[in-house]
Structure formats: C-alpha cells, structure tokens
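Each residue takes its place number in the sequence, starting with 1. The model shown is predicted, which means the values in this text are computed figures rather than measured ones.
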Amino acid sequence: MKMIYGVKDRPKLPQMILFALQQLLAILAATIAVPMIIQNGMSPSAALFGAGVGTIVYLLFTKFKSPVFLGSSFAFLGSMSAAFAGGVSVSLGYLGLILGAVFAGIVYVIIAVIVKFAGVKWVNKVMPAVVIGPTVAIIGLSLAGNAVGDLMSGSVFVEVVGDAGEKTSQMMCSPYIALLCGLVTLAVTIVCSVYGKKLMKMIPFVIGILAGYCLAAIFTGFSYIEGAEALRVIDFEQFKSMQWYPDFAFLKLFKGEWGTGDVGSVGAYIGTIAVAYIPVAFVVFAEHIADHKNISSIIESDLLKDPGLTRTLLGDGVGSMAGAFFGGCPNTTYGESVGCVAISGNASVITIFVTACFAIVFSFIAPFVTFLATIPKCVMGGVCIALYGFIAVSGLKMVQGVDLGDNKNLFVVSVILIAGVGGMTLNFGPVVVTEVACALVLGILTNLLVNIRSGKKDKNEQITVEEISSENEKEETNE
C-alpha cells in the first residue's frame, strides 16, 4: 500500500490529532492489559504514561525516522511475576521490576554496540526474505486466537459458585451480543477504509471503535431492565472508582515496608531478577528485528540501514528502561501500531510523537483513561482482526519475490509457518520463548541446513527489504 503521508510528512493539526487518537486506540488494549494481568497494585495509567515516555526516547534515538510506538511487552509477563515471587514486599517487587527492565535494556545496548562494529549485512544473510517474511506473518497469525477470543467477550464478569462450592468468573453478556458488537466494529472499519473519502478513509479505527462502543452502550442500557442482564457488554461501574493520577512504579519503592521475604537476601533477589529478564531480552530482540523488517517493507525504506539497527536497538532498550521506571512494564515495538500505519497509509513520525504525548497527558485524565478501559473486548477484537490480519499479510507479501518452486525455500517457509501457527513455545522457568522466536530460530537453522552445500546462496534467498520495495515500485509504475 502506498503511504498517503510519508515518514517526514506533517499532516494538518486536526488530522494529526485524529491520527494520534487512532494510534492510541490501536495500542491501548495491549498496553494496559499487562499491568492488569500482573496486578500487585500496578497502575494501567502509569503503564500508559511509561509507554509514552518510552516511545519519545525511541524517537529521539532513531532521529524521528522510524514510525514505531513502544508499549508494554507481553514477553516479560513471566519475568514480572518473578519480581513478586517468594513473598517479597511490594516495594522490593517494584525495585525488581525497574532493575529487570534495566537488565533487559543493557542487553539491547550490548547488542547495539556489537552491531555498530559488525554492521547489519549479517542480518540480511541470516534472515533473508524467505525467513523474515513468514516470521512476520506469524506475528499476526499468533495473535489470531486473541482477536477471535476477544470478539466473543464483553467486559462485565460475575462470580459464580458451583455445586461443589468452587468459584468461577463468568461473562455476563451473551457471546452472540458481544459477537454482534465486534462484527459491527469490523464492518464499519472496513467500509470506512474501502469506501470512505479523504479523512474517513484514514481513521477507520476511530470510527469503527466508536460505532461498536455506541452499539454496546445501547445494549448495556437495556441490560438494566430485569431479566435482560445478558445484554450487559460494558462495565460502567469502573467510572465509580476512577484513578485520578498514575501510580508510578518508582513511587512504589517508597511505599510500605521493605523486606526480602522468602528470597533470603537482596543480593540473591537481584540475581533472580537478572536470570528472569536477561534471556527474555534476547527473545524480544528477534521480534524487534521482525517488526522493523515489517515496517520497513510497508514504508519502503530499510530502517535497519537508516536510522540503523544500532539506533533502533538503543531506542528500544533505553526506552524500555525509561518506560518501566514510570509504569513498571518493559516496552517493546508494537505490531498493532505497525498494522495501523499500513491500513491508514499514514507513516508520519510526528503522528507517533503526538500519540506518545497523548499517552502521557491522558494518563492524568481519569475519565478519559476510564473510558478507554471500558471499551469492551469484543469491540477491540473486531478492530484487531483487521490489525493482526494486515500484519500477517504484510509478511506474506515479503515472500512474493521468493521462488517457492525451489524445495529449499519451500522447506524454510513451511517450517516457520507450522511452528508458529502450531504455537511452538519453550519454557525455562520464568523464561518463555514465544512462538514467534521459536519459529524464527527454527527457520534460520532450516535455511542454513538447506544451503549447507551451496557454493553461494540462491538469488531468491538474498532478497532484501530494499529489493522488495523496488519490485513494488516497478509494479505500481506498470499499473
């Protein structure tokens, strides 16, 4: 897709505000989900603030050349849980969160220094289009289950006691009502993107989410009639307990009493945190490469060369440290943001900067943050079907220039797709190697295996993002 606004373009102020809100809505659900999963007093608004700070740091390191938003990373969920394991105090747990992000960031800095001296040519050699294309597709496909699951879910849950006295949480609204709201969101998004004119075509997510939210609100309004509880999609009760300011992670260090719990000593605890975070950083590094290869193919400019992999790594690593200092969650590049760029045709980095500023400012506006938190899962699920689908398709487009009639290439692509779609993961204590990382590593090894006897690599295996972009430009010219 040809970008309507390029990386250096500056949309008019009213448009920029709408584009930034669209980006914020796209990354919101995942960003605030991580602290909600970990709990332990973690603040979703602080995570939103940290995502904004981390993104600004990233933009500064990349000289405002990379339209990428950083948000809370799901890859570190196990590591973050380890920070509170062993009965440690809340204060020590938050110290662990911040130190863990520092350890992970240092890994990125070390890799960035290595890349500075070794260059980036090895990336295209180790991860050519035949490897990186299906890996990017897996980033989208691996999230498909989340999108479909959310599509059938509301936001209101009740506690149900079974016959044996066990307690379970049950969704209040009918899954069919949730499905209807999600499908309306998806349909409006598609119609705006395909048939919309000018601005409507460029902010399909904003319009789609608002349409789905309005329908869900109507159902929720009728749900207060006796006997119609199955229509309750939105949890409006959250407005009664709004958090009026972000509860920053660094402030938690000074609240409550310090203690080491079952860990034994602070020194041993720090060692535990290092072991929990550092290996995961290497896993996220693989996803960092895939995300930047993906966005490079979309904007038709190789970000690994300009601003360079060294700068993107430093931006990601230092941005993650800064974000965790405020929100407790290490950050990572967001596929949802990349998908938003692809669908809207807006790659303006200034838009990403305004989005980051909005994230910081809105984290202090309790009604707005609460409103965002009340957007039901089904509505976000409808949007995410399109977002995750675009990520998968953009990865498959990278494989267009690869000769799949050659068994060498066919084996590489097949192994990556099946390992990723099949959900191949490895668990080493708190360290979880995601399906994306597993598929990428397996693909690299397969590519090396099938080319072990080759005197020189096949032309198809040396296709880079720049060459893919060149081919796309030729196709557009011919059309």
### Query
Between S297 and M398, what is the shortest heavy-atom contact and its length?
OG-CE, 3.2 Å
### N/O donor-acceptor pair under 3.5 Å between S193 side chain and I190 backbone
no
### Task
For a ring-ring contact (aromatic ring centres under 6.0 Å, His included) with Y94, tell me which candidate from F84, F250, F326 qualifies.
F84
### Task
In sequence, state the C-alpha distance, the side-chain angles, and the governing distance for D291 and V68, and then conclude on side-chain contact (heavy atoms from CB on, under 4.5 Å).
CA-CA 9 Å; D291 281 334; V68 171; over 6 Å; no
### Query
Is a side-chain N or O of Y334 found less than 3.5 angstrom from the main chain of S72, in a donor-acceptor match?
yes
### Summary
Separation between CD1 (I138) and SG (C438), nearest 0.5 Å, reads 11.5 Å
### Task
Kindly indicate whether the side chain of V7, heavy atoms from C-beta on, has any atom under 4.5 Å from the side chain of S301.
no
### Message
Under the criterion side-chain contact (heavy atoms from CB on, under 4.5 Å), I'd like the reasoning laid out for L313 against F285: C-alpha separation, chi angles, the key distance, then a yes or no.
### Response
CA-CA 8 Å; L313 284 170; F285 164 69; 3.6 Å; yes
### Query
Checking side chain to side chain donor-acceptor pair (under 3.5 Å) for the pair E336/Y388: CA distance, chi angles, key distance, verdict?
CA-CA 7 Å; E336 290 89 341; Y388 300 156; 3.2 Å; yes
#### Entry: E229 (side chain) donor-acceptor with G227 (main chain) under 3.5 angstrom
yes
### Task
For residues K65 and V349, report the shortest heavy-atom separation together with the two atoms involved.
C-CG2, 4.0 Å
### Query
Taking C-beta and beyond as the side chain, do K293 and L304 meet within less than 4.5 Å on heavy atoms?
yes
#### Entry: Heavy-atom check, side chain of F19 versus side chain of S348, under 4.5 Å
no
### Task
Check whether the side chains of T333 and H292 place a donor and an acceptor atom closer than 3.5 Å, and report yes or no.
no
### Message
I'd like to know if the side chain of T185 and the backbone of V383 have a donor-acceptor N/O pair within less than 3.5 Å.
### Response
no
### Query
Which class fits the ring pair F362 and F368: parallel under 30°, tilted 30 to 60°, perpendicular over 60°?
tilted
### Message
Measuring from atom CZ of R10 to atom CD of Q15, what distance do you get when rounded to the nearest 0.5 angstrom?
### Response
13.5 Å
### Message
Quick one: does any side-chain atom of S153 pair with a main-chain N or O of P175 as donor and acceptor, under 3.5 Å?
### Response
no
#### Entry: Residue pair Y58, S66: steps toward the side chain to side chain donor-acceptor pair (under 3.5 Å) verdict
CA-CA 9 Å; Y58 172 86; S66 178; 2.7 Å; yes
### Non-hydrogen atoms of A47 and P35 that approach each other most closely
CB-CG, 3.7 Å
### Message
Are F103 and Y277 an aromatic pair, judged by ring center distance below 6.0 Å?
### Response
no
### Query
Is the backbone N or O of L70 less than 3.5 Å from a side-chain atom of T55, with the two atoms forming a donor-acceptor pair by type?
yes
### Query
Taking everything shown except Y213 itself, do over 12 heavy atoms lie less than 6.0 Å from its OH?
yes
### Query
Does any non-hydrogen side-chain atom of F222 lie less than 4.5 Å from one of L231?
yes
### Task
Over all heavy atoms of both residues, which pair between I98 and A324 is shortest? Give the atoms and the distance, please.
CG1-O, 3.9 Å
### Nearest-0.5 Å distance, CD1 of residue I289 to CG of residue L440
9.0 Å
### Query
Is a side-chain donor or acceptor of S223 paired with a backbone partner of T220 at a separation under 3.5 angstrom?
yes
### Query
So, for G54 and N331, which heavy atoms are closest and what is the spacing to 0.1 Å?
CA-ND2, 3.9 Å
### Query
Step by step, would you call C340 with L387 a side-chain contact (heavy atoms from CB on, under 4.5 Å)?
CA-CA 7 Å; C340 191; L387 280 174; 4.3 Å; yes
## Note on the structure
So CE of M16 and CG of D9: to nearest 0.5 Å the spacing works out to 10.0 Å
### Query
Does any non-hydrogen side-chain atom of T135 lie less than 4.5 Å from one of V436?
yes
### Message
With rounding to the nearest 0.5 angstrom, report the CD1 to OG1 distance, I352 to T62.
### Response
10.5 Å
#### Entry: S344 versus Q22, closest heavy-atom pair with distance
CB-NE2, 3.6 Å
### Query
Can you find a heavy atom in the side chain of L314 that is under 4.5 Å from one in the side chain of V109?
yes
### Query
Taking side chain as C-beta onward, heavy atoms only, is L21 less than 4.5 Å from I17?
yes
### Query
Between S155 and T374, is any pair of side-chain heavy atoms under 4.5 Å apart?
no
### Message
Using only atom types and a distance under 3.5 Å, with no angle test, would you say the side chain of T370 pairs donor to acceptor with the backbone of F239?
### Response
no
### Summary
Value for CD1 (I114) from OG1 (T310), rounded to nearest 0.5 Å, stands at 10.5 Å
### Query
Given D150 and C384, is the side-chain contact (heavy atoms from CB on, under 4.5 Å) satisfied, shown in steps?
CA-CA 9 Å; D150 287 346; C384 287; 5.8 Å; no
